[in-house]
Amino acid sequence: VLIQNIGRLVTMEPGHGREGALGVIADAAVLSDGETITWCGPTAELPAESRSGETTAIDAQGGVVMPGLVDCHTHLVHAGSREREFVARARGESYQAIAASGGGILSTVRATREASEDALLEGAQRRALEALRFGTTTIEIKSGYGLDWPTEQKMLRVAKQLTTQVPIRTVRTFLGAHVVPPEFSDRRGAYVEALCTEMIPAVVREALATACDIFVEEGAFSAEDARTIAAAARAQGLAMRLHVDQFHDGDGGVLAAALQAASADHLDCLSAQGVAAMAKAGVVAGLLPAASFFTRCPQRPPVEQLVAAQVPIAIATDYNPGTAPTLDLMLCGTIAITQWGLDPDLALLGMTRIAARALGCESHLGSIGPSKAADLLVLQCKDEYYPLYRFGTPHIRTVIRAGEVVFGE
Ligand code: NIG
Ligand code: FE
């Protein structure tokens, strides 16, 4: 597959005489052998044999080509919706008050427990196709609306089956430690024990996920619980991700560093010590602008400090039916730029290369170069910043996954 007539090829690999932090090559072409990129560079240097009759050519019409987006934090599999809660919040109720009265996460838990596997798959499939149209070619998917083994297993099985139905890559994360289920409300220790001794081993035995996540927050799990659960997950070979410092400063950055988490997400209330600890340990900061925006979070992540300390920043949708009902990752970039002052280059790196790092797949996803997966977007605009600027409307002409056109022309 030859993509030619590219106005700006945004490789996400700076240096080698390329332009700027995103490693842009002007007037470029990309060649792949199907799944994998074999060559990219200026059109003038295109290897002669690539113009052979067997090559499928895609004309980028002078537009931008960039890596397929990587959404490194979603709760894609669930039943039901929560528009009533949205209205209640708009009228002054808080997310946490709604949660404390049995709404919020627990209302989605009830709906997801009741849903059949087929119904869950149908909904997840519809949303995965939507994500693909927004340019997402790799999506992380968490469980966490079951909080009992049959439902957690059902959610992860649905996420696993999804790849046979929709041409999108998935990375699955076990979030049994989302909140304490009602059956265990006065026995949280017993639930933590069940997570460690029953559910985590079953996740690994059945190859349902490669990582484990924990929501550390008042009303969810404590830092102490997180240490216990993470020890069990690590012993079983799972990578760690965390939801931390969303509504309160729970010293989440320090905790993430201590647990050697691949990423720590939310971080609206992250402390200066947290920033320093994450920098030292190389933990990726997963910022979730749609969730902060949609819940009208009064705090904001310390973006300037994260940048100054060189903490790698990923941007994700956090798609979920409560706090972030969108799969538009570019829109999340626009929010991070306008509301938090994130540099546009960092926003674009955050939804590609750094997001791939958070998922442990930076070696083949999130950037453009030889031996990288041919997951590419052809945008109908002349400049890589245009989709961030002209928000709320699609700019993607073609989505290519493993060398195949999966959306558009
Ligand atoms: O990432 N913070 C906790 N979990 C989700 C919200 C899930 C929900 O409200 O259903 C989040 O924002
Ligand atoms: Fe989340």
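One finds no salt bridge joining Arg110 and Glu114 here, because no Lys/Arg side-chain nitrogen approaches an Asp/Glu carboxylate oxygen to under 4.0 Å. The pair Glu140-Lys142 meets the salt-bridge criterion, since a charged nitrogen lies less than 4.0 angstrom from a carboxylate oxygen. At a threshold of 4.0 Å, the pair Arg89-Glu85 counts as salt-bridged, since one of the basic side-chain nitrogens sits closer than that to a carboxylate oxygen.
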Inset, instruction - Just do the side chain to side chain contact (heavy atoms under 4.5 Å, CB included) check on Trp340 and Leu287 with the steps written out, would you? - result: CA-CA 10 Å; Trp340 299 340; Leu287 303 187; 3.8 Å; yes

Inset, instruction - Would you please test Thr317 and Asp71 for side-chain hydrogen bond (donor to acceptor under 3.5 Å, both in side chains) and show each step? - result: CA-CA 7 Å; Thr317 61; Asp71 193 347; 2.6 Å; yes

Inset, instruction - May I have the step-by-step check of side chain to side chain contact (heavy atoms under 4.5 Å, CB included) for His178 and Tyr145, ending in yes or no? - result: CA-CA 8 Å; His178 200 181; Tyr145 290 128; 3.8 Å; yes

Inset, instruction - Just do the side-chain hydrogen bond (donor to acceptor under 3.5 Å, both in side chains) check on Gln96 and Ser94 with the steps written out, would you? - result: CA-CA 5 Å; Gln96 286 179 303; Ser94 77; 5.9 Å; no

Inset, instruction - Kindly determine whether Ser222 and Asp225 satisfy side-chain hydrogen bond (donor to acceptor under 3.5 Å, both in side chains), including the steps that lead there. - result: CA-CA 5 Å; Ser222 68; Asp225 296 333; 3.1 Å; yes

Inset, instruction - Check step by step if side chain to side chain contact (heavy atoms under 4.5 Å, CB included) holds for Leu129 and Phe407. - result: CA-CA 9 Å; Leu129 276 173; Phe407 171 71; over 6 Å; no

Inset, instruction - Kindly indicate, with the supporting measurements, whether the criterion side chain to side chain contact (heavy atoms under 4.5 Å, CB included) is fulfilled by Ile3 and Ile400. - result: CA-CA 10 Å; Ile3 308 177; Ile400 299 162; 3.5 Å; yes

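When atom types are taken as modelled, the side chain of Asp245 and the backbone of Gly252 share a donor-acceptor pair closer than 3.5 angstrom. Using a distance-only test at 3.5 Å, with no hydrogens or angles considered, no donor-acceptor pair links the side chain of Arg401 to the main chain of Gly68. The closest donor-acceptor contact from the side chain of Arg353 to the backbone of Ser367 lies at 3.5 Å or more, if one exists at all. Counting only distance, with no hydrogens or angles, the side chain of Arg234 and the backbone of Leu259 share a donor-acceptor pair below 3.5 Å. Without hydrogens or angle criteria, Arg172 side chain to Leu208 main chain gives a donor-acceptor distance under 3.5 Å. Thr334 contributes a side-chain N or O that, together with a main-chain N or O of Leu388, makes up a donor-acceptor pair within less than 3.5 Å. Of the possible polar contacts, none joining the Thr74 side chain to the Asp318 backbone as a donor-acceptor pair under 3.5 Å is found. Side chain of Thr295 to main chain of Thr323: no donor-acceptor pair is present (N/O by atom type, distance under 3.5 Å, no hydrogens or angles). Remark: side-chain polar atoms of Thr11 are paired, donor with acceptor, to backbone N or O of Glu13 under 3.5 angstrom. With Glu152 contributing its side chain and Gly146 its backbone, the two residues share a donor-acceptor pair below 3.5 Å.
A 6.0 Å sphere centred on CD of Glu35 holds no more than 12 heavy atoms belonging to other residues, nucleotides or ligands. For Glu404, the CD atom counts as loosely surrounded, since its 6.0 Å shell holds 12 or fewer non-hydrogen atoms of other residues, nucleotides or ligands. Around OH of Tyr385, the count of heavy atoms belonging to other residues, nucleotides or ligands within 6.0 Å exceeds 12. For Phe184, the CZ atom is densely surrounded, since the number of other residues' heavy atoms within 6.0 Å is greater than 12. Other residues, nucleotides and ligands contribute more than 12 heavy atoms inside 6.0 Å of the CD atom of Glu206. Heavy atoms of other residues, nucleotides or ligands lying less than 6.0 angstrom from CZ of Phe215 number more than 12.
Atom CE of Met155 sits about 9.0 Å away from atom CG of Leu76, to the nearest 0.5 Å. With rounding to the nearest 0.5 angstrom, the CE atom of Met12 is 8.0 Å from the CD atom of Glu384. To the nearest 0.5 angstrom, Leu132 atom CG is 9.0 Å from Leu377 atom CG. In this structure, Thr210 OG1 and Leu238 CG are separated by 7.5 Å, a value rounded to the nearest 0.5 Å. Atom NZ of residue Lys154 and atom CG of residue Asp118 lie 10.5 Å apart, to the nearest 0.5 angstrom. Here the CZ atom belonging to Arg390 is positioned 11.5 Å from the SG atom belonging to Cys381, to the nearest 0.5 angstrom.
Between Thr151 and Val109, every side-chain heavy-atom pair lies at or beyond the 4.5 Å cut-off. Side chains of Leu69 and Phe134 form no contact here, defined as non-hydrogen atoms less than 4.5 Å apart. At least one side-chain heavy atom of Ile315 sits under 4.5 Å from a side-chain heavy atom of Pro289. No side-chain heavy atom of Met66 sits less than 4.5 Å from a side-chain heavy atom of Arg8. Put simply, the side chain of Leu106 reaches to within 4.5 Å of the side chain of Leu147, judged on heavy atoms. Within the 4.5 Å cutoff, side-chain heavy atoms of Tyr191 are placed close to those of Met199. Taking 4.5 Å as the limit, every side-chain heavy atom of Val10 sits out of range of all side-chain heavy atoms of Leu348.
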List the atom pairs, with distances to 0.1 Å, where a side-chain N or O of residues 263-270 and a protein N or O form a donor-acceptor pair under 3.5 Å, not counting sequence neighbours.
{"from": "Asp265", "atom 1": "OD1", "to": "Gly286", "atom 2": "N", "distance (Å)": "3.4"}
{"from": "Asp265", "atom 1": "OD2", "to": "His73", "atom 2": "ND1", "distance (Å)": "2.7"}
{"from": "Asp268", "atom 1": "OD2", "to": "Ser292", "atom 2": "OG", "distance (Å)": "2.7"}

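Between Tyr386 and His395, the two ring planes are perpendicular [angle over 60°; tilted spans 30° to 60°].
Aromatic ring centres of Tyr319 and His78: separated by under 6.0 Å.
Closest heavy-atom contact between Ala290 and Cys332: CB-SG, 3.8 Å. Taking every heavy atom of both residues into account, Pro42 and Ile25 meet most closely at N-CG2, 3.9 Å. Pairing each heavy atom of Ser371 with each of His364, the nearest pair is O-CB, 4.5 Å.
With Thr138 as the partner, the side chain to side chain contact (heavy atoms under 4.5 Å, CB included) test is satisfied by one option alone out of Leu359, Ile168, Thr352: Leu359.
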